[in-house]
Every structure is written in structure tokens, then in C-alpha cells.
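Read through the structure below, which is laid out as C-alpha cells, and then see the notes.
Convention: sequence-line order gives letters A, B, ...; per-chain numbering from 1.
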Protein chains: 2
Amino acid sequence: MDQYANSTLFSVINAGKSLEQDLSEALGRIGLSMAKYGALCVLAASAEPLPLSVCARRMTCVRSNITQLMDRLAADGLIEREADPLDRRSVRAKLTSKGAELQLAGDQICSDIESDLAGLFEAQEAKILRSTLHRIS
Amino acid sequence: MDQYANSTLFSVINAGKSLEQDLSEALGRIGLSMAKYGALCVLAASAEPLPLSVCARRMTCVRSNITQLMDRLAADGLIEREADPLDRRSVRAKLTSKGAELQLAGDQICSDIESDLAGLFEAQEAKILRSTLHRIS
DNA sequence: TGTATTTAGTTCATATAATAATTATTATTA
DNA sequence: TAATAATAATTATTATATGAACTAAATACA
């Protein structure tokens with residue numbers, strides 16, 4: 001928004017929202033949301049099926065959220081729940097082959113956006129951009 | 001997230017989320033959410049009560065969202081709805097005095113965070129940061 | 001003037017996220 | 001071992017966001 005032109009706070013927040021919307025729209029075209037893609041990435045990065053509480057920690061969100069998200073992912077056929085015989089409280093999620101495929105498609109979408117972004121900056125600017133942003137988060 | 005260290009896309013998205021969370025928590029301490037504070041700002045920036053559809057446009061969101069948000073703000077005693085005698089379809093929202101006060105308190109919170117941020121960067125870095133971010137959104 | 005279109009706002013359905021409360025199971029410890 | 005703690009997941013409630021369908025009112029236009 002224009003009234004925030006001199007605000008670093010809202011420059012960052014608004015740019016983040018703008019990119020999130022771009023990514024969200026592109027993911028939407030292959031049937032994914034940000035939340036769903038994030039969960040698929042967490043599962044894809046693990047060699048083993050993951051307990052839902054581990055997913056919650058890695059996605060920096062609460063467990064009840066993961067329960068619902070996994071419900072939706074399971075309804076889409078992208079993950080499966082499996083019981084953990086060593087701890088009967090635990091439920092572990094694993095990607096289906098369809099889930100693994102969609103995760104890769106999501107990665108490609110991120111790469112495409114990253115390429116578009118690269119065209120906006122000089123190399124030195126991009127370096128400073130990432131350096132300053134990493135001090136924030 | 002560490003796996004995104006080389007991604008400008010996620011550097012921006014994550015930094016945005018991080019600041020949004022800081023702001024959101026600080027606003028929460030005075031009873032506001034990001035959405036509520038945003039609506040109060042739109043109303044505070046206007047000399048006149050605003051039709052809800054104008055609020056929706058300025059907040060870049062859909063009208064049904066504004067209906068619900070104004071319901072909650074009205075329940076908090078922060079805004080009032082009033083009929084527009086010139087167009088009987090239209091409903092206009094205006095700040096109550098309590099709403100105007102809380103909006104100012106929110107502004108102060110933003111200023112404080114902005115000051116904290118300023119300490120993270122050299123002047124030249126801050127300039128490049130804002131310049132590059134504005135090319136994104 | 002009367003019909004069609006547009007606009008304003010609301011309601012409903014759904015997705016997403018958080019918190020609190022609940023259940024089942026495991027771990028601790030007196 | 002029995003009572004207590006902690007942990008894993010779920011359910012329920014609330015806030016926030018979107019889109020579709022709906023009602024009422026204003027506008028266009030034939």
C-alpha cells in the first residue's frame with residue numbers, strides 16, 4: 001500500500017504477501033494450497049513416515065492444525081496415515097505416489113517464480129536483499 | 001527455514017511472516033488482530049464513514065470478509081454501521097471513539113517495531129531493501 | 001415505462017490457522 | 001504397583017479468508 005512507502009515493516013510484509021499470493025495461485029492450478037504444499041515438502045524431505053507431532057514442529061504450527069490438514073491431504077489421496085506399532089498413541093503420515101508427484105510439481109513452480117524474481121535485481125542487490133531479510137527471520 | 005537459505009522467494013515470504021507474527025502478537029496485547037487493525041486504519045484514513053465495498057477494495061479483500069470483520073469490530077465497540085440515505089443498498093462504517101483510540105495505539109506499535117528494524121541495517125542496506133521489495137509488490 | 005444489468009451487502013460453504021479441552025497411551029515416581 | 005505426569009492425536013470453538021448464491025436497490029437501455 002502506498003501509505004507504507006517509507007515503512008520497512010510494511011515493505012517486507014506486503015512483498016511477502018504478494019509473493020505468497022503468486023505462489024498460492026500457481027499452486028492452486030495444480031490443486032495445492034500453500035499449507036498442503038508445505039506439508040508435502042516436509043514429508044518429501046524425510047526418508048521415513050513422520051509422526052504428526054513432528055510435522056507440526058517442522059511446519060511451525062500446532063498439532064490440531066496438522067490433524068485437519070492431513071485429513072484434507074488424505075481426502076485428496078496425497079498422504080496416508082499409518083499406525084506406529086512402537087507407540088500406539090502415534091500416527092505417522094507418508095506421501096502417496098500421487099503426493100510425491102505433486103510435491104515435485106510444486107517445487108518446479110517455486111523454481112519458476114524464483115527465476116522470475118532473479119530478473120528483478122542486480123546480483124549485488126539480490127545478495128543484500130537476502131542478507132537483510134535473514135537478519136529479520 | 002534453513003532449506004530456503006538460497007531462495008529469494010522464501011527469504012521474502014518467511015521474513016514477511018516473521019514480522020507479521022511480531023506485529024500480530026503486539027497488536028493482540030491491545031485486543032487487536034492484523035485484520036482488525038487494518039480495517040481501523042482504512043477508516044481512520046478517511047474523513048467520511050466508508051461504504052463496506054470501499055473498505056473491501058482498500059483492504060484488497062472480498063466483501064463477505066468485510067461483512068464478518070465489521071460484525072466483529074462492531075461487537076468490540078470499535079466501529080458503527082450507518083445507513084446511507086442517498087443509496088439504500090449501502091452501509092457505511094465509521095470509527096467509534098474507542099476505535100479511533102485503538103487505531104492510534106496500533107500505529108504506535110508499528111512505529112516501535114519499525115525502530116527495532118532500523119537497528120538491524122546500515123542506511124544503504126535499508127534503502128536497497130525497500131527498493132528491491134517495492135519491485136516485488 | 002418496463003426489462004435487463006449492475007451494484008451493495010449478506011449468508012452459506014469451505015479452507016486455513018490458533019487455542020482449549022478431551023481421550024488414549026506412555027513414562028515417571030513415590 | 002498405583003498414582004501422577006507427560007505426550008500424541010483428536011474434537012470443538014473461534015478468527016480469518018475466499019467464492020458462490022441470494023436479496024434488495026439502483027442504473028441502463030430498448
Side-chain angles (χ1 to χ4, degrees), chain A residues 13 16-18 20-25 27-40 42 49-76 78-94, chain B residues 13 16-18 20-25 27-40 42 49-76 78-94:
Chain A
I13 289 178
K17 282 192 178 302
S18 171
E20 213 178 313
Q21 191 166 351
D22 291 348
L23 178 52
S24 184
E25 277 175 22
L27 289 173
R29 277 177 234 122
I30 60 168
L32 289 180
S33 64
M34 290 285 288
K36 285 177 177 177
Y37 172 60
L40 296 184
V42 165
L50 287 178
L52 302 195
S53 50
V54 174
C55 295
R57 232 171 294 136
R58 300 210 179 152
M59 295 183 67
T60 329
C61 72
V62 296
R63 283 161 303 158
S64 61
N65 198 348
I66 294 293
T67 296
Q68 295 181 1
L69 183 53
M70 292 299 174
D71 285 348
R72 294 190 296 270
L73 287 169
D76 292 346
L78 303 182
I79 67 109
E80 283 171 355
R81 280 178 166 95
E82 63 174 33
D84 181 345
L86 299 178
D87 185 343
R88 286 190 299 160
R89 294 169 303 183
S90 183
V91 173
R92 296 187 305 178
K94 65 176 181 188
Chain B
I13 289 178
K17 282 192 180 300
S18 171
E20 213 180 311
Q21 190 166 353
D22 292 348
L23 178 51
S24 182
E25 277 174 23
L27 289 173
R29 275 177 237 124
I30 60 169
L32 289 180
S33 64
M34 291 285 289
K36 285 177 177 176
Y37 173 59
L40 296 185
V42 164
L50 287 178
L52 302 195
S53 50
V54 174
C55 296
R57 232 172 294 134
R58 300 210 179 150
M59 296 184 66
T60 329
C61 70
V62 297
R63 284 161 302 155
S64 60
N65 198 349
I66 294 294
T67 296
Q68 296 181 4
L69 183 53
M70 292 299 173
D71 286 348
R72 291 190 298 269
L73 286 169
D76 293 345
L78 304 180
I79 68 111
E80 283 171 354
R81 282 176 164 95
E82 64 176 31
D84 181 346
L86 299 178
D87 184 341
R88 287 190 297 160
R89 294 170 303 181
S90 185
V91 174
R92 294 188 306 179
K94 65 174 180 189

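One interatomic measurement links the two molecules: CD1 of I79(A) to C1' of dA9(D), which rounds to 13 Å at whole-angstrom precision. Note: CE (M34(A)) to C1' (dA17(D)) measures 14 Å, nearest angstrom. The distance between atom CD of E25(A) and atom P of dA17(D), rounded to the nearest whole Å, is 16 Å. When rounded to the nearest whole Å, the span between CG of L23(A) and P of dT16(C) equals 14 Å. Between the CD atom of E20(A) and the P atom of dT18(D) there is a distance of 12 Å, rounded to whole Å. M70(B) places its CE atom 18 Å from the C1' atom of dT11(C), with the value rounded to the nearest Å. Rounded to a whole Å, the CZ atom of R72(B) is 7 Å from the P atom of dA17(D). Taking atom CD of Q21(A) as the reference point, atom C1' of dT16(C) lies 15 Å away to the nearest angstrom.
The glycosidic torsion of dA6(D) lies more than 90° away from 0, placing the base in the anti range.
Counting non-hydrogen atoms under 4.0 angstrom, V62(A) reaches a base of the nucleic acid. Using a 4.0 Å heavy-atom cutoff across all strands shown, R92(A) reaches no nucleic acid atom at all. Base engagement by S64(B) is indicated by at least one non-hydrogen atom pair under 4.0 Å involving a base atom. When heavy atoms are screened at a 4.0 angstrom cut-off, S53(A) is found touching the sugar-phosphate backbone but no base atom. Base engagement by T67(A) is indicated by at least one non-hydrogen atom pair under 4.0 Å involving a base atom.
Considering every non-hydrogen atom in both L69(B) and A39(B), the closest pair reads CD2-CB, 3.9 Å. When all heavy atoms of A93(B) and L52(B) are compared, the closest pair comes out as CB-CD2, 3.8 Å.
Put simply, CD on E20(B) and CE on M34(B) are 4.0 Å apart, with the number rounded to the nearest 0.5 Å. Taking NZ from K94(B) and CD from E80(B), the interatomic distance works out to 5.5 Å, rounded to the nearest 0.5 Å.
Along DNA chain C, the nucleotide nearest to P51(B) and the one nearest to N65(A) differ in position, and the one closer to the 5' end is contacted by P51(B). Positionally, the nearest nucleotide of DNA chain D for I66(B) lies more toward the 5' end than for the other of R63(B) and I66(B).
R58(A) places a side-chain heavy atom less than 4.5 Å from the side chain of L50(A). L73(B) is listed as a side-chain neighbour of M70(B), based on a closest heavy-atom distance under 4.5 Å.
Base pairing in DNA chain C gives the following stems of 3 or more Watson-Crick or G-U pairs, range against range and under 3.5 Å: C:1-25 with D:6-30, C:27-30 with D:1-4.
Crowding of E82(A) atom CD: a count of heavy atoms from other residues, nucleotides or ligands under 6.0 Å exceeding 12.
Considering only side-chain atoms of S90(A), the nucleotide from dT10(C), dA9(D), dT13(D) that sits closest is dA9(D).
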Apply side-chain contact (heavy atoms from CB on, under 4.5 Å) to the pair D84(B) and V91(B), showing each step before the final yes or no.
CA-CA 6 Å; D84(B) 181 346; V91(B) 174; over 6 Å; no

As a quick check of understanding, evaluate side-chain contact (heavy atoms from CB on, under 4.5 Å) for K17(B) and Q21(B), giving each step before the final call.
CA-CA 6 Å; K17(B) 282 192 180 300; Q21(B) 190 166 353; over 6 Å; no

Check the interface with nucleotides 26-29 of chain C: list each N/O to N/O pair with the protein under 3.5 Å, or write none.
{"residue": "dT26(C)", "atom": "OP1", "partner": "R88(A)", "partner atom": "N", "Å": "3.1"}

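Of the possible donor and acceptor atoms, none in the side chain of D76(A) sits under 3.5 Å from a partner among the backbone N and O of L78(A).
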